[in-house]
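Data first, discussion second: the structure below is written as structure tokens.
Read the numbers this way: they start at 1 and go in the same order the structure lists the ligands and their atoms.
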Amino acid sequence: MGVLRKSGEPYITHPYSVAYLLASMGMDHECIIAGLLHDTVEDTTTTLDEISAIFGNKVAQLVDGVTKLTHLNIGKEEKQAHAFKKLITFAADDIRVIFIKLLDRLHNMMTLESMREDKQKRISDETLRFYAPLAHRMGIYWLKEELEALSFFYLMPENWRSIDNFLTQKYKDPNAVLHQLKEKVLDSVTLNSPRVSNKIHKIYGRIKSFYSIYRKTAKKNHSYSSLHDIIGIRVVIDSENIDDCYLVMAAIHSFPEFTVMNERFKDYISMPKPNGYMSIHTGVRYKGYFMEIQIRTIGMHRIAEEGNASHWAYKEDADQKDKTIQWLQSVLSDVTESGGVLGFMKDIETALPLEKISIFTPRGDLITLPEGATVLDFAYAIHGDLGNTCLGATVNGKLVPIYYKLKNKDEVEIDASKRQVPRSDWLNFVVTQKAKNYIRRYLKKREKSIYIAKAKEKLKPLFETVNRANDFERIEELEGFRHIADLYSLPKKEGSRSFF
Ligand code: MN
């Protein structure tokens with residue numbers, strides 16, 4: 001009671017905010033209570049037993065999960081990796097721990113201002129590297145954007161200011177511009193398709209997030225003004241009839257005051273993204289402004305905003321829950337197989353696939369892979385042996401090498417040879433865990449056989465000196481040999497230290 005946060009606010013504002021955010025996401029009551037109590041065991045004399053007695057065992061378990069994670073958020077890469085691994089372990093038990101942790105992080109980011117600068121940077125870096133991708137992978141896009149926006153502000157204040165300057169120069173009052181453009185879009189629908197304009201649920205307007213602007217321009221070294229999607233207008237229709245989306249599109253396209261930018265048109269309704277995302281995207285110019293317009297129904301909107309999260313938060317979608325837990329568990333088992341801390345760090349980043357692509361086999365079967373997947377990833381996705389012996393592939397009728405990056409809807413036929421073997425440089429370009437695991441497993445096995453051969457080479461003369469050459473021939477059958485060989489063939493490189 002009466003305790004203050006660094007920001008000067010009463011401490012209770014923190015757990016209260018976390019609980020409030022959980023509630024607004026539609027999480028269940030146990031999760032909300034655990035959100036309120038998430039720091040009690042850590043910061044007060046309250047025990048888990050007391051929580052369990054008053055609120056039940058489930059709530060106590062959730063609080064316990066979050067508490068155990070708290071200690072691990074320490075800057076060093078190794079510790080971060082460890083914390084993340086823990087997070088995933090808890091999540092496999094109860095996914096709600098991740099929600100509480102993510103919203104705890106969001107509120108801490110929102111109140112980061114009162115922290116010392118080095119702490120701000122450290123926490124923001126961790127947020128950008130782990131928590132934002134995690135939110136993205138969980139399908140909670142608004143949270144991902146929020147975490148990115150706040151991290152960007154603290155990590156790159158100069159870039160942040162330069163984008164801010166650009167926007168104020170270009171739009172003077174961005175809110176007034178958004179308002180005007182939303183009105184125009186509404187006018188176009190009212191004029192050309194009055195019946196559908198009655199079904200418009202809401203028109204949203206937004207400025208692209210600073211972090212997205214930064215990322216899009218920094219990567220290709222483009223200027224901010226080259227972006228044509230800084231202004232986004234979203235038309236959400238209260239109708240589950242997709243024809244209404246097309247009518248809105250037609251109304252916008254035929255509005256005399258708009259110039260349509262054909263190259264920006266994308267129809268994700270007739271061709272949904274593999275993650276279920278649906279919308280029509282189009283770009284129009286009005287006076288000096290470019291805007292990207294997205295047209296979707298309320299149902300599509302919810303999937304777009306909350307993705308997978310909407311499944312398990314709103315309905316008790318056991319199937320989806322299982323899938324997420326399966327994913328977490330697969331990351332977990334991959335992690336224990338991967339080599340070393342840095343390897344793990346890299347893995348965890350690639351284990352959070354952002355976009356997915358669908359690839360056809362010659363038979364017409366569909367295989368889903370993360371964006372950036374190569375021919376080799378595809379081969380391993382079909383079968384481990386096929387990956388190990390992969391030489392290259394024919395993609396849409398063209399011969400390509402194993403490191404060729406696949407694109408959505410490619411048709412791929414793998415070319416394999418029994419004489420091919422995995423090489424360590426393959427690890428540099430594959431992106432899927434399955435591929436990495438197979439390659440590492442093979443390399444480890446080969447490494448081991450090399451160690452064994454070397455050891456035998458050294459031992460043989462010793463056996464011969466004592467006239468026991470015959471015994472040497474059967475050394476591998478001796479009890480315990482395998483075990484000793486295992487011990488001595490463990491690679492001793494720094495990077496392969498086990499840390500769990
Ligand atoms: Mn907290």
Taking the six-membered ring where the residue is Trp, are the ring centres of Phe166 and Tyr224 under 6.0 Å apart? yes
Could you list the residues that satisfy side-chain hydrogen bond (donor to acceptor under 3.5 Å, both in side chains) with Ser151, not counting sequence neighbours? none
Counting backbone and side chain alike, does His38 bring an N/O/S atom below 2.8 Å of the Mn ion (ligand 1)? yes
Of the backbone and side-chain N, O or S atoms of Asp104, does one lie nearer to the Mn ion (ligand 1) than 2.8 Å? yes
Calculate, to the nearest 0.5 Å, the distance between atoms CG and CD1 belonging to Leu178 and Ile203 respectively. 12.5 Å
Please calculate the NE2(His14)-the Mn ion (ligand 1)-OD2(Asp39) angle and round it to 10 degrees. 90°
Judged by modelled atom types alone, do Thr374 and Asp377 share a side-chain donor-acceptor pair under 3.5 Å? yes
